[in-house]
Amino acid sequence: MTELKNDSLIRALLRQPTSRTPVWMMRQAGRYLPEYRALRASAGDFMSLCSNPQWACEVTLQPLERFDLDAAILFSDILTIPDAMGLGLYFVEGEGPKFHKPLRTAGDVESLQIVDTSRDLGYVTDAVTLIRRELNGRVPLIGFAGSPWTLATYMIEGHSNRDFTRSKNWLYQQPELLHQLLEKLALSTIDYLNAQITSGAQVVQIFDTWGGALSDAAYREYSLAYMHKIVAGLITERDGIKVPVILFTKGGSVWLEAMADTGCHALGLDWTVDIGDARRRVGQRVALQGNMDPAVLRAGRHAIETEVSLILESFGTGGGHVFNLGHGITPDVDPINVGIFIDAVHRYSESD
């Protein structure tokens, strides 16, 4: 395989020294870029864009043509696994993802087949292979999946619903049924992420978008336990190089110590926790990724540079920090501000 020209992300995730803090952004390939919106319009709909390896490759590379990013992240969606299970994923402009066949009964869960990525999601692994070839060692490629709990909420609700009414009814009234669903999703995710790694992903991240909506006991049983299972089932090395795993639970700062115990290499942080405090809590067990509020990118240069400086200062010296946003970049951000952000991270963190 082509040797990495910029391996700072991998080194930071493994808590090794880097000459500057590496930076990438969640959702960096997406709607804030005019070139993405143009390609999305040509594709006709999101799933057509997502399921075409050539288009997915083009979208993945678009931000790297503009910005000095230290990683590329696969352009895809966390809901590809439920779609492959037959629920019929579609997107409504302004309303987000929906399913034609949401889960309603025990029979619905019984009928779900564990995903075989090579059979059901070959367009994703084809995209990974193509992106790795086109990157030619420029920066590492990040693959990803949604956490079982997060996927389950969409599958049960049928759409984005932040009250999680049906999902929590299952959790408290039909826990065995929810566990059955989560087990199938965990096994599917292990297969899916391992297929991404085999196809060329050099880092993987698990997005637990809705874990923070759970109580302490429920989070540990219904979200963290299944992410732990996934981490334990992943390929640990590829071509003699470690494949770091990042866990990100939005709203999960209370569980950082427990998350670090899963065997992952790094924890993603949202903006509600001080990164210095998080570092003191997890010690040398894991690297940390984060954690600027995406809203700062709507402000001007001074606000962006000030916030970058504060986060770097809070983390302190030494390896193990990947700079990122505390959640995905929003569509209304001016790309000029993204350039200011990335430049500030590199400039303020660079070793003498």
Side-chain angles (χ1 to χ4, degrees), residues 23-80 82-83 89-99 123-124 127-128 130-131 134-135 139 141-146 150-151 154 159-162 205 207-210 248 250 268 270-271 289-300 303-304 307 323-343 345:
V23 57
W24 67 279
M25 298 181 300
M26 290 184 278
R27 293 184 185 156
Q28 71 185 23
R31 294 175 292 171
Y32 71 103
L33 290 177
E35 54 267 40
Y36 167 82
R37 294 194 294 270
L39 186 58
R40 166 73 170 76
S42 299
D45 61 79
F46 178 83
M47 284 307 295
S48 295
L49 184 61
C50 190
S51 60
N52 181 301
Q54 287 74 29
W55 284 341
C57 177
E58 183 176 345
V59 173
T60 299
L61 298 179
Q62 282 176 345
L64 274 73
E65 299 308 311
R66 279 183 177 257
F67 311 118
D68 186 20
L69 290 155
D70 295 296
I73 182 165
L74 167 70
F75 176 72
S76 186
D77 193 89
I78 63 169
L79 298 178
T80 50
D83 185 49
L89 175 64
Y90 68 103
F91 289 81
V92 176
E93 193 69 33
E95 297 182 28
K98 296 189 176 187
F99 286 109
Y123 66 86
V124 176
V128 170
L130 180 58
I131 295 162
E134 292 301 313
L135 282 171
V139 293
L141 174 61
I142 303 168
F144 69 91
T150 292
L151 300 185
Y154 286 101
H159 55 87
S160 181
N161 175 4
R162 299 191 183 194
Q205 175 160 315
F207 284 88
D208 185 32
T209 310
W210 301 126
F248 173 66
K250 186 172 183 287
D270 66 22
W271 60 88
Q289 177 178 276
N291 61 330
M292 195 173 85
D293 185 344
V296 177
L297 291 179
R298 300 192 198 104
I304 294 168
E307 194 68 14
F323 213 111
N324 206 313
L325 305 177
H327 200 234
I329 183 172
T330 54
D332 56 347
V333 168
D334 187 335
I336 291 174
N337 286 351
V338 174
I340 292 170
F341 162 60
I342 293 164
D343 176 68
V345 173

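We use all heavy atoms of the structure for the numbers below, so side chains are in, but hydrogens, waters and symmetry mates are not.
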Chemist: Which heavy-atom pair separates P97 from L79 by the least distance, and what is that distance?
Modeler: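 Where P97 meets L79 most closely, the heavy atoms are CB-CD1, 3.5 Å.
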Chemist: Heavy atoms, side chains only, cut-off 4.5 Å: are I73 and M25 in contact?
Modeler: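 Not touching, per the 4.5 Å side-chain cut-off.
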Chemist: Do D270 side-chain atoms and K250 backbone N/O form a donor-acceptor pair below 3.5 Å?
Modeler: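 The answer is no, because no donor-acceptor pair under 3.5 Å joins these two groups.
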Chemist: Looking at I131 and C57, what are the two nearest heavy atoms and their distance?
Modeler: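 Distance-wise, the nearest heavy atoms are CG1-CA, 3.6 Å.
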Chemist: For W210 and Y154, run side-chain contact (heavy atoms from CB on, under 4.5 Å): C-alpha distance rounded to whole Å, both residues' side-chain angles, the deciding distance at 0.1 Å, then the answer.
Modeler: CA-CA 10 Å; W210 301 126; Y154 286 101; 3.2 Å; yes
Chemist: Between Q62 and Q28, does any side-chain donor sit less than 3.5 Å from a side-chain acceptor?
Modeler: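 The criterion, which ignores hydrogens and geometry beyond distance, is not satisfied for Q28 and Q62.
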Chemist: Should R66 and E35 be marked as a side-chain contact (heavy atoms from CB on, under 4.5 Å) after you check the CA-CA gap, both sets of side-chain angles, and the distance that decides it?
Modeler: CA-CA 11 Å; R66 279 183 177 257; E35 54 267 40; 2.7 Å; yes
Chemist: Report yes or no: does D70 contribute a side-chain atom to a donor-acceptor pair with the main-chain N or O of W24 at less than 3.5 Å?
Modeler: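 No.
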Chemist: If you compare all heavy atoms of N337 against all heavy atoms of L297, which two are closest, and at what distance to 0.1 Å?
Modeler: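 The answer is ND2-O, 2.8 Å.
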Chemist: Within a strict 4.5 Å, meaning less than it, do heavy atoms of the L39 and L49 side chains meet?
Modeler: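 Yes; the side chains approach each other to less than 4.5 Å.
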Chemist: Look only at the side chain of S51 and the backbone of M47, and say whether a donor-acceptor pair between them is shorter than 3.5 Å.
Modeler: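 Answer holds: yes.
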Chemist: Are L74 and I142 close enough, and set up right, to give a side-chain contact (heavy atoms from CB on, under 4.5 Å), and what steps lead you there?
Modeler: CA-CA 6 Å; L74 167 70; I142 303 168; over 6 Å; no
Chemist: Got D293 and L325 here, is their nearest side-chain heavy-atom distance under 4.5 Å?
Modeler: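 No, side chains not in contact.
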Chemist: Supply the atom-to-atom distance F144 CZ to I78 CD1, rounded to the nearest 0.5 angstrom.
Modeler: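 F144 CZ to I78 CD1: 8.0 Å, rounded to 0.5 Å.
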Chemist: Is there a side-chain contact (heavy atoms from CB on, under 4.5 Å) between F91 and K98 once you walk through the steps?
Modeler: CA-CA 6 Å; F91 289 81; K98 296 189 176 187; over 6 Å; no
Chemist: I329 versus M26: any side-chain heavy-atom pair under 4.5 Å?
Modeler: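 A side-chain contact under 4.5 Å is absent here.
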Chemist: For the ring pair F341 and F323, is the centre-to-centre distance below 6.0 Å?
Modeler: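 Close enough - the centres of the two rings lie under 6.0 Å apart.
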Chemist: Angle between ring planes, F67 versus Y32, binned at 30° and 60°: parallel, tilted or perpendicular?
Modeler: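 Parallel, since the angle between the ring planes stays under 30°.
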Chemist: Taking side chain as C-beta onward, heavy atoms only, is D208 less than 4.5 Å from F248?
Modeler: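 D208 vs F248: side chains apart.
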Chemist: Counting N and O atoms only, with roles assigned by atom type, does the side chain of N291 sit under 3.5 Å from a partner on the main chain of W271, one being a donor and the other an acceptor?
Modeler: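 No.
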Chemist: Does the distance from a Lys or Arg side-chain N to an Asp or Glu carboxylate O, for D332 and R298, drop under 4.0 Å?
Modeler: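 Yes, charged N to carboxylate O under 4.0 Å.
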Chemist: Quick check: closest heavy atoms across T60 and A56, and the distance to 0.1 Å?
Modeler: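 What the structure gives for the nearest pair is OG1-O, 2.7 Å.
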Chemist: Give the minimum heavy-atom separation between V124 and S76, together with the two atoms involved.
Modeler: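 Smallest heavy-atom distance, with atoms named: CG2-OG, 4.2 Å.
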Chemist: So, D45 side chain and S48 main chain: donor-acceptor pair closer than 3.5 Å or not?
Modeler: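 Yes; at least one donor-acceptor contact below 3.5 Å.
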Chemist: Check whether any side-chain heavy atom of P82 lies under 4.5 Å from a side-chain heavy atom of L89, and answer yes or no.
Modeler: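 SC-SC contact between P82 and L89 ruled out.
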Chemist: If I take atom OG1 from residue T209 and atom CG from residue L151, how far apart are they, to the nearest 0.5 angstrom?
Modeler: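 It comes to 8.5 Å.
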Chemist: For residues D68 and D343, determine if any side-chain heavy atom of one lies less than 4.5 Å from a side-chain heavy atom of the other.
Modeler: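 Contact flag for D68/D343 side chains = no.
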Chemist: When you compare the side chain of P335 with that of P34, does any pair of heavy atoms fall below 4.5 Å?
Modeler: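 Yes; the side chains approach each other to less than 4.5 Å.
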Chemist: Given the rule in the side-chain hydrogen bond (donor to acceptor under 3.5 Å, both in side chains) test, do T80 and D77 qualify, once you have shown the distances and angles that lead to the verdict?
Modeler: CA-CA 6 Å; T80 50; D77 193 89; over 6 Å; no
Chemist: Run the ring-centre check on F75 versus F46 and record whether the distance is less than 6.0 Å.
Modeler: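 Judged by ring-centre distance (under 6.0 Å), F75 and F46 do meet the cut-off.
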Chemist: So, does R37 use its side chain to make a donor-acceptor pair with the main chain of R31 at under 3.5 Å?
Modeler: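 Pair found, side chain donor or acceptor close to backbone of R31.
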